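Taking it in order: structure first as structure tokens, then the write-up.
Quantities reported herein were computed from a predicted structural model and do not represent experimental measurements.
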Amino acid sequence: MKYAGLLVLPAGFFLSIAALVLFPSAFGRAVFVVCGLAVEGLGLAVAVRGHMPPRQERRL
């Protein structure tokens, strides 16, 4: 899972760059850049959670 997060991070970056190049209107670019940033955030969250040590369960 940690490698999936590390692969999603550049996908969001390239999505944002592609939006700047491909969309002529400012609104379309802005929406796509926000989506690219959201993809980067999700990739970062998956990468961080994948590198965290597993929780120790408490038994009562």
Side-chain angles (χ1 to χ4, degrees):
M1 202 62 174
K2 62 178 98 174
Y3 298 116
L6 293 176
L7 290 174
V8 171
L9 281 169
F13 173 75
F14 290 123
L15 187 66
S16 298
I17 298 299
L20 293 175
V21 173
L22 295 176
F23 287 107
S25 70
F27 179 73
R29 274 184 286 196
V31 170
F32 233 79
V33 166
V34 168
C35 289
L37 292 174
V39 168
E40 285 188 43
L42 290 173
L44 183 63
V46 169
V48 167
R49 288 198 45 108
H51 283 86
M52 289 173 52
R55 278 189 182 181
Q56 297 291 331
E57 291 191 26
R58 290 190 282 169
R59 295 182 187 235
L60 298 174

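The line from CZ of Phe32 to CG of Leu37 is 12.5 Å long, rounded to the nearest 0.5 Å.
Between Arg29 and Pro24, the closest heavy-atom pair is NH2-O, 3.2 Å. Nearest heavy-atom pair across Gly36 and Ser16 is CA-OG, 3.6 Å.
Transitive grouping of hydrophobic side chains (ILVMFWY, heavy atoms separated by less than 4.5 Å) brings Val39 and Phe23 into a common cluster.
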